[in-house]
There are 2 protein chains.
Amino acid sequence: MDLAEALEKIMSGLSSGRTIIVVGSMHAHYAGRSTSWLAEGDRLLIIKSDKSILIHRPTGYEPVNWQPPGVVINAQITEEGLVLECSRKSPPEILRIVITEVYSAESYRLVDNGEFIIHAREEDMKAAIINSPDIVEPGLRIVETERRIGDEYIDILAVDSSGQIVIIEIKRKRATRRDVEQIVDYATQVEKELGRKPRKILVAPSISKEAASLSMVLRVEYKCFSPRLAYEILSKKKGLDRFL
Amino acid sequence: MDLAEALEKIMSGLSSGRTIIVVGSMHAHYAGRSTSWLAEGDRLLIIKSDKSILIHRPTGYEPVNWQPPGVVINAQITEEGLVLECSRKSPPEILRIVITEVYSAESYRLVDNGEFIIHAREEDMKAAIINSPDIVEPGLRIVETERRIGDEYIDILAVDSSGQIVIIEIKRKRATRRDVEQIVDYATQVEKELGRKPRKILVAPSISKEAASLSMVLRVEYKCFSPRLAYEILSKKKGLDRFL
DNA sequence: CGTGCCAGGTGCCGT
DNA sequence: ACGGCACTTGGCACG
């Protein structure tokens, strides 16, 4: 396809809020939070209807260059080729794309109001524990969630059957040494604020060897629980609720 | 476009290692590390030549659903529509895409050997400091980089003009409370291992108010330095080297 | 393979 | 705007 023709497709697509797909050979330069050069090659350029921009190579998950939604786009043909300058003010950054050959350039009016539901995340683990604290320990009572201590947040604050304060930190993946350190830091903050030494329970599907030995030293308890199991429990409960 | 025609485009594209772009109405279900449902809507489906898969909505940077490179793809037409089952074993997960309407389906043989160079990252800050330790403090001598302490890594280990050990932790962005805690943790490890209390210097373009007050308490020093400045210094040095 | 850590991370939510 | 934090984070380097 001709560069001039492609420019027209892009301009009309931009003005009508369509999603534009250009397949072609291009190079790009980015300057902003970082600085990058992308040499010539065949790529997929996507300009979405919210003016977010993606340059995808023919492999891999990530775009090689991009701009977030809402950039200002300036398009023109120069002796270099079809030049797109995509810039924004905060943070100040610019992506300059030079398209030298166009294999395809089309725009589409895409209507997407489809709901997106995601489960089996940390949020589900939290919900399941709030719903049934016994998952962590029999007799546990939830006091507060997302409690702010200083600048940080504690997933769940609870009280055990003997009346002692319990800090619960939830991780959806294998708990690391850092996670153990984090909950200890929370405990220090809580003790400073409430004047009582809390118990510390790390809830995660597994725990690394290093984290396990550190947790012994720092008196952090570990309870095995997974996002998948949490989701199953919640689904079952929801199913029952429908019956009752 | 007809679903059967689109299926043929996809199959031939897959067998010849092309990058496939389908624009159409679809819904999807993902199960694996998490679980998600995506209701019907207009989207952009990309199957790259390495068999990575991306479903992009008409807005935003991120794909709504995806699969990393190397999945096994099964495509067929059922009464639901054009069904793509993309699965992999480790971790076990599957993305099931049902395309009900196709606006466009094309495949392209993309050749992309273009180099990608990126600068002004943490790596550049480290390189600049190793090259000219005076940036951090006059008289500083680098001892070791990426020193492993336990399971963790210290960016730079150095010795100051008075012979005291210095731990340097580099951050490309504003230093947070957590960064201060991290370097203190490193210092504890170093003291345990080397038997001497090290100085702790946090190098970052800026520091949050909370982090600054915490650094006072925990005796963490702060030195202002940015990835951009590091990159400029390195570029200048490289330019000089060419002359000498 | 797991383990740690950076990333132009992005996105969400809160002050 | 800054701050904290999860994410199917992805990506890389290293033991």
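Proteins come first, then strands; the chains are lettered A, B, ... in the order of their sequence lines, and each starts at number 1. Since we're looking at a predicted model, the values are computed, not measured. These values consider heavy atoms only, across backbone and side chains, with no hydrogens, waters or symmetry-generated copies.
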Review point. In residues 204-231 of chain A, what residues come within less than 4.0 Å of DNA chain D, judged by heavy atoms?
Key: none
Check your understanding: Atom CD1 of I118(B) and atom C1' of dC6(C): how far apart are they, to the nearest Å?
Key -> 11 Å
Check your understanding: When you measure from every atom of DNA chain D, which of residues 17-42 of chain B have a heavy atom less than 4.0 Å away?
Key -> Y30(B), R33(B), S34(B)
**Study point:** Under-4.0 Å salt bridge between R147(B) and E193(B)
**Key:** yes
**Study point:** Atom C1', compared across dG11(C) and dA7(C): separation rounded to whole Å
**Key:** 15 Å
Study note, to complete from the structure: When rounded to whole Å, the NE2 to P distance for the pair H56(B) and dG11(C) reads 11 Å
Study note, to complete from the structure: Per side-chain contact (heavy atoms from CB on, under 4.5 Å), V220(A) is matched among I201(A), L202(A), I167(A), D179(A) by L202(A)
**Study point:** Interatomic distance at C1', dT9(D) relative to dC5(D), whole Å
**Key:** 12 Å
Revision key, fill the gap. From CG of L54(A) across to P of dT10(C) the rounded distance in Å is 11 Å
Point to revise | By side-chain contact (heavy atoms from CB on, under 4.5 Å) - contacts of E232(A) (at least two apart) | key: R228(A), L229(A)
Check your understanding: If you look at every heavy atom in N113(A) and R57(B), which pair is closest and at what distance?
Key -> C-NH2, 4.4 Å
Practice item. From the options E80(B), E40(B), R43(B), select the one residue that forms a side chain to side chain donor-acceptor pair (under 3.5 Å) with H27(B). Key: E40(B)
Study note, to complete from the structure: Contacts satisfying side chain to side chain donor-acceptor pair (under 3.5 Å) that involve residues 59-73 of chain A (not counting sequence neighbours) are S36(A)-N65(A)
Check your understanding: Which residue pairs pass the side chain to side chain donor-acceptor pair (under 3.5 Å) test with at least one member in residues 213-227 of chain B, sequence neighbours excluded?
Key -> R199(B)-E221(B)
Exercise for review: For DNA chain C, determine which residues of residues 169-187 of chain B have any heavy atom closer than 4.0 angstrom to one of its atoms, and list them numerically.
Suggested key: E169(B), K171(B), R172(B), K173(B), Y186(B)
Review point. When you compare dC6(C) with dC7(D), how far apart are their C1' atoms, in angstrom units rounded to a whole number?
Key: 15 Å
Practice item. Could you check whether E146(B) gets within reach of a base, just the sugar-phosphate, or nothing at all, counting any heavy atom under 4.0 Å? Key: nothing
Exercise for review: Please step through salt bridge (charged side-chain N to carboxylate O under 4.0 Å, His left out) for the pair E146(A) and K126(A), ending with a clear verdict.
Suggested key: CA-CA 10 Å; E146(A) 296 290 313; K126(A) 200 189 295 178; 2.4 Å; yes
Review point. Counting only heavy atoms not in E123(A), do more than 12 fall under 6.0 Å of its CD?
Key: no
Check your understanding: Starting at CD1 of I53(A) and ending at P of dT10(C), how long is that distance when rounded to a whole Å?
Key -> 14 Å
Revision key, fill the gap. note: H119(B), atom NE2; dC6(C), atom C1'; distance rounded to Å ~ 16 Å
Practice item. Hey, which sits more toward the 5' end of DNA chain D by its nearest nucleotide, S90(A) or D155(A)? Key: S90(A)
**Study point:** For DNA chain C, the residues among residues 59-69 of chain B that have a non-hydrogen atom under 4.0 Å from it
**Key:** Y61(B), E62(B)
Check your understanding: Out of curiosity, I20(A) CD1 to K51(A) NZ, how far, rounded to the nearest 0.5 Å?
Key -> 8.0 Å
Review point. With a non-hydrogen cut-off below 4.0 angstrom, is E152(A) in contact with a base, only sugar-phosphate, or nothing?
Key: sugar-phosphate
Practice item. Quick one: list whatever passes salt bridge (Lys or Arg N to Asp or Glu O under 4.0 Å) with E152(A), sequence neighbours left out. Key: R177(B), R178(B)
Exercise for review: Rounded to the nearest 0.5 Å, what's the gap from CG on D50(A) to CD1 on I53(A)? Could you check?
Suggested key: 9.5 Å
Check your understanding: 5' to 3' on DNA chain D, which nucleotides open and close the contacts with chain A (atom under 4.0 Å from a heavy atom)?
Key -> dA1(D) to dG11(D)
Review point. Looking at residues at least two apart in the chain, or sitting in another chain, which of them share a salt bridge (Lys or Arg N to Asp or Glu O under 4.0 Å) with D151(B)?
Key: R148(B)
Would you mind writing out the side-chain donor-acceptor pairs for residues 81-89 of chain B within the sub-3.5 Å range, not counting sequence neighbours?
| from | atom 1 | to | atom 2 | distance (Å) |
| --- | --- | --- | --- | --- |
| E85(B) | OE2 | R96(B) | NE | 3.2 |
| R88(B) | NE | E93(B) | OE2 | 2.7 |
| R88(B) | NH2 | E93(B) | OE2 | 2.6 |

**Study point:** Whole-angstrom distance between dT8(D) and dG4(D), as gauged at atom C1'
**Key:** 22 Å
Exercise for review: Mark yes or no for whether S132(B), through its side chain, and I135(B), through its backbone, hold a donor-acceptor pair below 3.5 Å.
Suggested key: no
**Study point:** Main-chain N/O of I170(B) paired to D155(B) side chain as donor or acceptor, under 3.5 Å
**Key:** yes
Practice item. Between D151(B) and E122(B), just flag the one whose closest nucleotide in DNA chain C comes earlier from the 5' side. Key: D151(B)
**Study point:** Between P of dC13(C) and CZ of R148(A), the distance in whole Å
**Key:** 17 Å
Point to revise | Partners meeting ring-ring contact (aromatic ring centres under 6.0 Å, His included) with H119(B) (sequence neighbours left out) | key: Y231(B)
